[in-house]
Peer 1: 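Please read through the structure below; I'll follow up with questions.
To find a chain, count down the sequence lines: A is the first, B the second, and so on, and within it residues start at 1.
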Amino acid sequence: MAASLSMSVDVYCVAPNPSDLKRPNFFTRPYRQQSHKNFTIFCCSSQSPPKLEEPQKKPSLSDQLRPLSTTVLPYNEKTPSHLLSKPHKSTWINPTKPKPSVLSLNRQKRSPYSYNPQIRNLRRFAKQLNDCDTSSHEAFLAVLDTIPRPLTKENALLVLNYLKPWEKAHLFFDWVRSQNLFPMETIFYNVIMKSLRFGRQFGLIEQLANDMIDNGILLDNITYSTIITCAKRCNLFDKAVEWFERMYKTGLMPDEVTYSAILDVYAKLGKVEEVMSLYERGRANGWTPDPIAFAVLCKMFGEAGDYDGIRYVLQEMNNLGVQPNLVVYNTLLEAMGKAGKPGLARSLFEEMVDSGITPNEKTLTALVKIYGKARWARDALGLWERMKSNRWPMDFILYNTLLSMCADLGLEGEAERLFEDMKQSESCRPDSWSYTAMINIYGSGGKVDEAMELFEEMSELGVELNVMGCTCLIQCLGKAKKIDVLVRVFEVAMDKGIKPDDRLCGCLLSVVSFCENDDDLSKVYWCLQRCNPRLVAFVRSIEQGKTSFETMKEEFKAILSNTEVDARRPFCNCLIDICRNKNLHERAHELLYLGTLHGLYPGLHKKSAVEWSLDVRSLSVGAAQTAFEEWMTSVSKIIERREVLPELFSAYTGAGTHKFSQGLPAAFASHVKRLAAPFKQSEDKAGCFMATRDDLLPWLQSRLPSPAALAASI
DNA sequence: TTAGGGTTAG
């Protein structure tokens, strides 16, 4: 035995499959910590960022899931007794001997059924039950009396299969059971459970499962997989795992359907290690996963944006000779999009079409989204042409995604044509998403009147306004300084019961940052007060300039903790802009420091031996100016300490072509010009400002080092 | 939905 395989393993583990050793190690990536130091963002020390609460986390569920090594797969009644002792102690397992089983390689067989001559009568009867009024128990019983006789097991099962919604199926199930005509076998429970799963009735399903146990009725793989997937759909992940464990404890081995169902449970919880552990144990057990299992893995790695993981899945499928089907391709495309690989998504799509698979709505939606995000106008429009010429399937989600793509790419004319197409169509009429996309397009193009026309049209046609549409419109009105109209839109939205979210607050806060007169400012504050009074109180306290740094730090942390992750950086950007507009430069620097401390600006500064660079693309104009000053102050300190400097310094603002660009390159250019800093726009790379060490040194040495002094010299 | 698992929208 090769030394590398002579390893001690826990009794529950199977010996490693050598092919698994080729897998890229995506579990042990180094955690990159944001470095910082009090009031100096770019001279690093190693203090940990203060922990912010994640508002969307549900620790109560996932925390209940104990590690797999101590729960799932420990043993069953068939496990040899010598393996059950002292599970904590390492035991040598010879890989050439049979491995402990984790799943059955044979799927559960379904019992064959023969043609039922009464099928037409039974279907007619089921339809009568489906049509009858459930609110009247008597009416239901009256129809039940007319059931074709004799009421055999096969007849009852057929009727149960046809009944919907779940309430009717459940009533019928109880009635059949009360008739005591034949024993209620497993299949009855399986059929009713599937119906209950449609209604997301996990409580009832669990009750029935316990009835089965109490009455000695066997739970099979179909029962368990239905219970597990119902729990999953109800977000009761702890219940899903609990039933999976119970299955092992009763000695029943899961087949691949149940196994991939539980893989999906762990995947949905983001428990990648547990999923991979199960997957590898299954593989070591001789399992060749089917496309559905691979789709689960793809989705999981896609959600994590883990490109190595996606590559691993592709490699595994290739090694095992498993051809991706349409769903796997769709999942892979989504995953490539989430991992930020538009080029690979495009090749994968072509590979799929070449292999003879026709894309469906989901495929095209995924791809349109990817091209839109990547701002690949030519590919997106080419795809649209192919959709039309090949008559590939379209639905309203695809239409709306196309509209959003047009918004991302600023394709106003194309969006107008699509929107008209939707209005003419029977099945894809514009809904609130479509109107929002159009408002977004007009709003980001500064076309206030067109955006407002759509807002009025929505009201006339009874299309529901949503918070996103409202935010886009307010943003556009704010930029156009139409504050009275903005307040009216806000009031209408509130009257319609729209719940303001953090994006809307961020949008109002940005309007605050560029309001020029007090009258307008008080109107916008009035709106913001209704959404987030704590934020208003915070801004007011900053503006007054009397709050201590420590107090501000604590309150800022509390506000961020209560803010959705995506809205945190915009909040901080706006707050910095507000401070700079009020000439509170010191406070702006403190806020940038706090934002960096909380990880809102990752990758702001990069160092190599030859070049140090500042990437301000995700910063507002005021925040970018503040970051630049802070950077230069840090470099000054490094000069004072006579440390080594690189030859080149660069600041990157981006080309400013994005629809949300606030003209950052131009604002940055005038800022460095005002400071007489030796940064020059690169001719090769738009939005990149370069300075050599030889130019920068004398300029910095002629300046005072403090940021406040730098700012004061503007 | 026709006894069990997987994929689409700011």
Peer 1: Looking just at side-chain N and O atoms, do A:D502 and A:T563 make a donor-acceptor pair shorter than 3.5 Å?
Peer 2: no
Peer 1: If I take atom CG in residue A:L398 and atom C1' in nucleotide B:dA9, what distance separates them, rounded to the nearest angstrom?
Peer 2: 10 Å
Peer 1: Reckon A:Y189 touches a base, only the sugar-phosphate, or nothing at all at heavy-atom distances under 4.0 Å?
Peer 2: nothing
Peer 1: Between B:dT8, B:dG10, B:dA3, spot the one nearest the side chain of A:Q108, thanks.
Peer 2: B:dA3
Peer 1: Expressed as a whole number of angstroms, how long is the span from A:D431:CG to B:dG10:P?
Peer 2: 13 Å
Peer 1: Which nucleotide wins on minimum distance to the side chain of A:T229, given the candidates B:dG5, B:dA9, B:dA3?
Peer 2: B:dG5
Peer 1: Nearest to the A:I397 side chain among B:dG5, B:dG10, B:dT8, which nucleotide is it?
Peer 2: B:dT8
Peer 1: Can you check whether A:C234 reaches A:Q201 side chain to side chain, under 4.5 Å on heavy atoms?
Peer 2: no
Peer 1: Using a 6.0 Å distance limit plus a 45 degree cone around the ring axis, check whether A:R283 lies over the aromatic ring of A:W287.
Peer 2: no
Peer 1: Does anything in residues 326-336 of chain A reach DNA chain B, meaning a heavy atom under 4.0 Å, and if so which residues?
Peer 2: A:V327, A:V328, A:N330, A:T331
Peer 1: Using atom CH2 of A:W433 as one end and atom P of B:dT8 as the other, report the distance to the nearest whole Å.
Peer 2: 13 Å
Peer 1: Quick check on B:dT2: is either OP1 or OP2 less than 4.0 Å from any side-chain nitrogen or oxygen of A:R197?
Peer 2: no
Peer 1: Expressed as a whole number of angstroms, how long is the span from A:N466:CG to B:dG10:C1'?
Peer 2: 9 Å
Peer 1: Rounding to a whole Å, what distance do you find between A:Y399:OH and B:dG10:P?
Peer 2: 19 Å
Peer 1: Is there side-chain contact between A:W384 and A:D379, with heavy atoms separated by less than 4.5 Å?
Peer 2: no
Peer 1: Are any of A:K232's side-chain N or O atoms less than 4.0 Å away from OP1 or OP2 of B:dG6?
Peer 2: yes
Peer 1: Does a donor on one side chain sit under 3.5 Å from an acceptor on the other, for A:N330 and A:E334?
Peer 2: no
Peer 1: Is A:F294 stacked on the base of B:dG6 when the test is centres under 5.5 angstrom and planes under 30 degrees?
Peer 2: no
Peer 1: Within residues 154-172 of chain A, find the residues that approach DNA chain B with a heavy atom at under 4.0 Å, and present them sorted by residue number.
Peer 2: A:N161, A:Y162, A:K164
Peer 1: Taking atom CG of A:N221 and atom NZ of A:K109, what is their separation to the nearest 0.5 Å?
Peer 2: 11.5 Å
Peer 1: Once hydrogens and angles are ignored, does a donor-acceptor distance under 3.5 Å link the base of B:dG6 to the side chain of A:D290?
Peer 2: no
Peer 1: Return the value, rounded to whole Å, for the distance between atom CD of A:E464 and atom P of B:dA9.
Peer 2: 19 Å
Peer 1: Can you list the steps and then say if A:I441 with A:C406 is a side-chain contact (heavy atoms from CB on, under 4.5 Å)?
Peer 2: CA-CA 7 Å; A:I441 289 166; A:C406 290; 4.1 Å; yes
Peer 1: OP1, OP2 of B:dT8 versus side-chain N and O of A:K338: anything below 4.0 Å?
Peer 2: no
Peer 1: Establish whether the base of B:dA3 is bridged to the side chain of A:S111 by a donor-acceptor pair shorter than 3.5 Å.
Peer 2: yes
Peer 1: Report the relative orientation of the aromatic rings in A:F244 and A:Y248; use parallel for angles under 30°, tilted for 30 to 60°, perpendicular for over 60°.
Peer 2: perpendicular
Peer 1: Can you check the distance between B:dG5 and B:dA9, where both ends of the measurement are the C1' atom (answer in whole Å)?
Peer 2: 25 Å
Peer 1: With P as the reference atom in both, quote the distance from B:dT2 to B:dG6 in angstrom, rounded to an integer.
Peer 2: 13 Å
Peer 1: Would you say that A:M405 contacts A:K369 through its side chain, given a criterion of any heavy-atom pair below 4.5 Å between the two side chains?
Peer 2: no
Peer 1: Give, ordered by number, those residues of residues 360-372 of chain A having at least one heavy-atom distance below 4.0 Å to an atom of DNA chain B; if nothing qualifies, reply none.
Peer 2: A:E361, A:K362, A:T365, A:K369
Peer 1: Looking only at side chains, do A:N106 and A:D255 share a donor and an acceptor under 3.5 Å apart?
Peer 2: no
Peer 1: According to a strict under-4.0 Å criterion, is A:R233 in side-chain N/O contact with OP1 or OP2 of B:dG5?
Peer 2: yes
Peer 1: Which whole-number value in Å describes the distance from A:F349 CZ to B:dT7 P?
Peer 2: 20 Å
Peer 1: Using only modelled atom types and a 3.5 angstrom limit, is any donor from either the side chain of A:N325 or the base of B:dG6 paired with an acceptor on the other?
Peer 2: yes
Peer 1: Look at the side chain of A:F198 and decide which nucleotide, out of B:dT1, B:dG5, B:dA9, has an atom nearest to it.
Peer 2: B:dT1
Peer 1: To the nearest 0.5 Å, how far apart are CD1 in A:I187 and CD1 in A:I217?
Peer 2: 13.0 Å
Peer 1: Should the pair A:Y312 and A:Y279 be assigned to parallel (<30°), tilted (30 to 60°) or perpendicular (>60°) ring geometry?
Peer 2: perpendicular
Peer 1: What is the distance from CG of A:L218 to C1' of B:dA3, rounded to the nearest Å?
Peer 2: 14 Å
